[in-house]
Amino acid sequence: MSKPFSPAIAPGSTIGILGGGQLGRMTAIAAARLGYRCHIFCPEPDAPAFEVAAAHTCAAYDDAAALDAFAKSVDAITFEFENIPAASAAKLAEQAIVRPSWSVLETAQDRVLEKTFFNRIGAATAPWRAVDSLDSLTSALKELGTPAILKTRRMGYDGKGQARIASPADAAKAWDAIGRAPAILEGFVSFSREVSVIVARSPRGEVNTFDVVENVHVNHILDTTRAPAQISAEQAERATAIAHHAAVALDLEGLLAIEMFVDHEGRILVNEMAPRPHNSGHWTIDACITDQFEQFVRAVCNLRLGSTERHCDAEMKNLLGHDIDGWADILSEPKAKLHLYGKTEARDGRKMGHVTRLFPRWKKGTK
Ligand code: AMP
C-alpha cells in the first residue's frame with residue numbers, strides 16, 4: 001500500500017532535535033543555512049547544540065510535560081541520539097511528525113534486533129548468538145568458538161559495554177564485566193578494514209548514498225576517516241547496495257550510517273547501524289556538494305535530496321581531549337578545515353572537534 005502524500009516541511013519551519021551533542025550542533029548549523037530554525041531537547045545544561053539553535057529545552061528524555069511542550073513548538077521532530085525511551089518516542093509520535101520512525105530506532109537500539117534485520121535482508125554479519133545468562137554464554141562460546149566479543153544488547157557505544165573473550169575460561173569474567181545485562185556474543189572478525197556508508201532516504205522515497213569511507217578506531221573510538229575507502233569497485237558497490245537496501249527495508253525517513261568490516265577474503269560484514277548523522281560522515285562538510293547534515297535536514301523535511309558528489313578526497317581526524325590545544329597549528333595548514341564543538345572541558349577521550357584535510361581526487365571517473 002502506498003503511503004499518503006506528505007508535503008515538504010518548508011524553510012522557515014522549526015525542526016525539533018532530541019539530543020544536543022556535536023551532531024545536533026552541526027545539524028542546526030546546516031538547517032540554519034537552509035532557513036530553518038532548530039529547537040534542541042537535551043538533558044545536559046551545557047549541550048554544544050544549544051548555543052547555535054533558535055530554541056532549547058533542557059529536560060530529561062522522559063519528562064512528559066517538557067516533551068508535550070516541545071512537540072507543540074516544532075513542525076517535525078528528529079534525533080541526533082538514538083537511545084530515547086520507547087514511551088517518549090511514542091508520546092512524541094502522537095503529537096508531531098517524527099522522522100525516522102520509532103521502529104527504526106527500536107531496531108538500532110538493540111544489537112540482536114539489528115543483526116536479525118541485516119541477516120533477514122541478506123547482509124552478512126559476524127556469527128552471533130543472543131545471550132541472557134552465564135549458561136547461555138557458555139553454550140554460545142561452544143558454538144562460535146574463541147576469540148569472541150560479548151556486547152550488551154543495548155546502550156553500548158565507543159566500546160563501552162563490551163568484553164573480549166580469548167578463551168572459554170574467561171566467560172564468567174566477561175559476563176560480570178558487562179554487568180550481566182542481556183547481551184550478544186559475536187565471533188571475532190579478523191578484518192582487513194573497517195568501512196562505513198551513510199545513506200539518506202526521504203519520505204517521498206528518494207535514496208542517496210555518500211561514498212564508502214574507511215575508518216580507523218583507536219581504543220574503540222573513531223580516530224580517522226579516509227574518503228574514499230581503498231577498496232575495490234565491487235566491494236564499494238556491495239557496501240553501497242547493503243545501505244540502499246537497508247534504507248528501503250526500514251522505510252527510513254532520515255539518515256542511516258552503517259558500519260561494516262571487510263574481512264581477509266574481501267567479504268563485507270555489517271557491524272552496526274546508527275539512524276542519524278555519524279562521526280564517519282563529518283568529512284562530507286568540506287568534501288561533498290551536499291554534506292551529511294544538510295542531507296539529513298532535506299530527508300527529514302521531505303525536500304529533494306542533494307548531490308553527494310565528492311569534489312576532493314579527504315581525511316577526517318577527531319580531536320579528542322587536549323588534541324584541540326593544537327588548533328592554531330591546524331589553522332595555519334592551507335588545506336585543513338577545523339571544526340570545534342564549543343565544549344569547555346577537554347576531558348580525555350572527549351570529542352572536542354575534528355579536522356578535515358583535503359586532497360585532490362586520486363580516482364578519476366568515480367562518483
Ligand atoms: P561497536 O561498538 O560494535 O562498533 O564496536 C567497536 C569496535 O570494536 C569496532 O569498530 C571494531 O573495531 C571492534 N569490533 C566490534 N565487533 C567486532 C567483531 N565481531 N570482531 C572484531 N572486532 C570487532
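When a ligand or atom number is given, it counts from 1 through the structure's own listing order.
Between N271 and ligand 1, an N or O atom pair is found at a separation short of 3.5 Å. By the 3.5 Å distance cut-off applied to N or O atoms, A126 is not counted among the residues near ligand 1.
For H282 and F293, the ring centers sit closer than 6.0 Å to each other.
In this structure, of I149, N219, I221, the residue bringing a heavy atom nearest to atom 23 (C) of ligand 1 is I149. Of all the listed residues (E194, H217, E259, E186), E194 holds the heavy atom that lies closest to atom 11 (C) of ligand 1. The closest non-hydrogen atom to atom 8 (O) of ligand 1, taken over E114, K151, R164, H220, comes from H220.
For the side chain to side chain contact (heavy atoms under 4.5 Å, CB included) test with T240, the passing option among T209, D211, I258 is T209; the others fail.
Look at K91 and D68 and you find a salt bridge, because one of the NZ, NE, NH1 or NH2 atoms lies within 4.0 Å of a carboxylate O, short of that distance. Between E51 and R25 there is a salt bridge, since at least one side-chain N of the basic residue sits less than 4.0 Å from a carboxylate O of the acidic one.
R99 places a side-chain N or O within 3.5 Å of a backbone atom of V300 that can act as its donor or acceptor partner.
Linking ILVMFWY residues whenever their side-chain heavy atoms come closer than 4.5 Å, directly or via other members, places L105 and L67 in the same cluster.
Ligand 1 lies less than 4.0 angstrom from a heavy atom belonging to G187.
If you look at R111 next to ligand 1, the close heavy atoms, those under 4.0 Å, all belong to the side chain.
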